Amino acid sequence: MGTQQSQEPQESKKQARGTGRRALLGAAVLGGAVLGLSGTAGAAGAKPAGRGLRSLPVPTIIGHRGASGYRPEHTFGSYELALDLGADIVEAGDLVPTKDGHIVCRHEPEIGGTTDVANHPEFADRKTTKVLDGVSVTGWFTEDFTLAELKTLRAVERIPANRPHNTLYNGRWEIPTFAEVLKWQDEQTRKRGKQVWIYPETKHPTYFRKLGLGLEERVAKLLHRHGKDKRNSPVILQSFEPSSIQRLNKLVDNPLVVLLSGATTRPWDFVEAGDPRTVADLITPKGLREIAGYAQGIGPTLDLIIPKDANGNLTTPTTLVADAHKRGLVLHPYTMRNENPFLPANFRKGTDADAYGDVFGAYRTYFATGIDGVFTDNPDTGLLAREDFVNG
Ligand code: G3P
Ligand code: CA
C-alpha cells in the first residue's frame, strides 16, 4: 500500500446526497411498524419486497460477530454459521487496522482475548499497556502487527466460561480481513442464491485516526472497489462515534447507524473534542433529529429500550422507539444472548453461567416495544422468536 495520504480519497469527491437514503430507511421503519406486525411482505417467512433495506425481514435478526454464541467470534466459521442459521445480516465485522494499514475483523484492537497470540513466543515482546479511549489495556494490539503477522494467529473463544463448547473450534480459523469479507459476501450470495448482507462497525475511530490509521477512508475505498458504497448496497455501517458516521456520510452512500451506549456515557469522539453531551442528550428529540440529519438508524443498548431495576429485572419501556421512529430512524439494539448472565434477571433460569435462560421470553418483551431488529449472538433463537412474534 502507498502512504496513508495517498490511500485516502478526498471527501469532496462524494456528491452531496443522503435524503434518498434516509427515505429508503424510512420505508424500513414503516416496515417495522406495519410489515412486522401484519405478517405480510418483509415479515418473517414472507417474500422480500422492494430494494435496499425494505428487502429485510422485520424485526431484522443480525448475527452479532457472526453466530458468536456457537463459534469463536469474527471468523468465517462464525459468519457462515450465522447464514446457515438464517440470520438476515451478519456483523462482519468490527473493524480495526493493522500496522500496515489493512482492515481486519476484531472486536477491539487488543487480541489477547480472541486469538492464540499469547502462545506465539515470537510476539512476546509486543505485549504492552496502552490507554484506549481513557482505559488502560494490557495485551497485544492489531496496530502493532502487520497483516502477514496477524495471519499467523488463530482465533479462540472469548468467553470459555460461558461457552465451553466453543473452545472445540479454537485454532481453526484465522483473522479475516475486511477485503476478504467483501469477497466472501459475493461468494456466499452466489452459493446461497440469496443476497447476503453485512453490517460492519468502525471501532475506536478517533483512537486510530490519532495513530495515522484513519478507518473511514480505508473502509470507503474497499466498499467503492467492490461497488458496495451505494444507498442500495447490502452493507449497513455502524459506529459508536457520531463523527465516524458523519465522516462516512461524506464518503459513501450506505445506510448508516449510530450506536448508543448507556445514557450517562459519552462517545469517545465527544470526549476528545470537549463536547460535554452524553448519550442521554443524543436520545432527546433534538439529539435524534440531529442524528437523522446524517444517519438512518440508531443501535442503542437494550437498556435504553427497557431499563432494568437495581436487581437487573426489566422495568417499563422508554419512549425511545416512538421518538426515533418519529424522526425516521430505524432501531437495531444490541445484544441478545442465550446464556443466563447476559439476560435480564427475570428471564434467567438458575445460576449456571453457561446455561440458557428464557431467551424467548426476553425476545418477546423486546420485540413488543416495536424495535426494527436486534443484534444477537444466537441468530437461531432470534429467528424462532420472530416467528412466534409475527404469527402472534
Ligand atoms: O455493533 C452492535 C454491537 O455489536 C455493539 O456492541 O461492543 O459488541 O460492538 P459491540
Ligand atoms: Ca459491534
Side-chain angles (χ1 to χ4, degrees), residues 56 59-69 71-75 78-79 82 87-97 103-111 113-114 132-135 137 142 155 157-159 162-163 175-176 178 181 197-208 215-216 219 235-242 244-245 248 254-263 265-269 279 282-283 291 295-305 320 324 329-339 341-342 366 371-379 382:
L56 291 171
T60 306
I61 302 302
I62 307 156
H64 185 240
R65 311 180 198 173
S68 55
R71 299 287 185 272
E73 68 188 42
H74 287 311
T75 60
S78 184
Y79 297 159
D88 302 310
I89 316 188
V90 183
E91 193 197 28
D94 289 309
L95 304 179
V96 293
I103 303 293
V104 295
C105 303
R106 288 291 92 194
H107 179 258
E108 60 272 306
E110 202 288 306
I111 50 174
T114 62
L132 175 62
D133 295 1
V135 177
V137 180
T142 59
E157 173 54 43
R158 174 193 291 277
I159 44 175
N162 307 100
R163 293 170 177 169
I175 297 176
F178 188 48
V181 163
W197 282 69
I198 60 169
Y199 208 140
E201 176 188 345
T202 54
K203 278 289 179 193
H204 306 285
T206 296
Y207 169 82
F208 285 122
L215 285 170
E216 295 82 1
V219 170
V235 182
I236 306 175
L237 299 167
Q238 47 165 337
S239 183
F240 278 105
E241 295 190 18
S244 180
I245 294 298
L248 286 166
N254 303 72
L256 302 171
V257 168
V258 175
L259 298 170
L260 299 167
S261 192
T265 64
R266 281 165 82 198
W268 187 253
D269 53 340
V279 165
L282 294 181
I283 58 174
I291 290 175
Q296 288 69 47
I298 56 173
T301 173
L302 283 162
D303 290 351
L304 292 176
I305 305 291
L320 182 56
L329 292 165
V330 163
L331 292 98
H332 289 164
Y334 65 90
T335 302
M336 287 296 292
R337 299 179 169 102
N338 287 356
E339 295 91 354
F342 310 118
Y366 286 121
I371 57 175
D372 302 283
V374 69
F375 286 84
T376 173
D377 287 7
N378 307 84

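Each ligand, and each atom within it, is numbered from 1 in the order the structure gives. All values below were derived from every heavy atom in this structure, side-chain atoms included, with hydrogens, water molecules and symmetry-related copies excluded. Small disclaimer: the values here were computed from a predicted structure and weren't measured.
- With 3.5 Å as the limit, one finds no donor-acceptor pair spanning the side chains of Ser78 and Arg65.
- Tested against Phe375, the residues Arg337, Gln238, Met336 include a single side-chain contact (heavy atoms from CB on, under 4.5 Å) partner, Gln238.
- The N/O atoms of Glu201, backbone and side chain alike, include one that comes under 3.5 Å of an N/O atom in ligand 1.
- The ligand atoms of ligand 1 that sit less than 4.0 angstrom from a heavy atom of Gln238 are 1 (O), 2 (C).
- Nearest to the Ca ion (ligand 2), among the N, O or S atoms that Glu91 has, is OE2.
- Atoms of ligand 1 found under 4.0 Å from any heavy atom of Leu259 (numbered from 1 in listed order, with element): 1 (O), 2 (C).
- If you run side chain to side chain donor-acceptor pair (under 3.5 Å) between Glu73 and each of Arg163, His107, Arg158, Arg106, only Arg158 comes through.
- Considering backbone and side-chain N/O atoms, Glu91 comes within less than 3.5 Å of an N/O atom of ligand 1.
- Under the 4.0 angstrom criterion for non-hydrogen atoms, Lys203 is in contact with ligand 1.
- Of the protein's non-hydrogen atoms, His64 NE2, 2.7 Å is the one closest to atom 4 (O) of ligand 1.
- If you check which protein heavy atom lies closest to atom 7 (O) of ligand 1, you get His107 NE2, 2.7 Å.
- For an aromatic pair to be called close, the ring centres must be under 6.0 Å apart, and Tyr199 with Tyr334 fails this.
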Practice problem: Show your reasoning for whether side chain to side chain contact (heavy atoms under 4.5 Å, CB included) applies to His332 and Ile62. | Solution: CA-CA 9 Å; His332 289 164; Ile62 307 156; 3.8 Å; yes
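- Closest protein heavy atom to atom 8 (O) of ligand 1: Arg65 NH2, 2.6 Å.
- As for Asp94, its N/O/S atom nearest the Ca ion (ligand 2) is the one called OD1.
- In this structure, Tyr199 does not count as a contact residue of ligand 1, since none of its heavy atoms falls inside 4.0 Å of the ligand.
- Close contacts between ligand 1 and Phe240 involve ligand atoms 5 (C), 6 (O) [criterion: under 4.0 Å to a heavy atom].
- Within Glu201, the N/O/S atom positioned nearest the Ca ion (ligand 2) carries the name OE1.
- With Ile298 as reference, Leu320 is the one residue of Leu304, Leu320, Val330 to meet the side-chain contact (heavy atoms from CB on, under 4.5 Å) rule.
- Checking side-chain atoms of Glu91 against main-chain N and O of Gly93 turns up no donor-acceptor pair under 3.5 Å.
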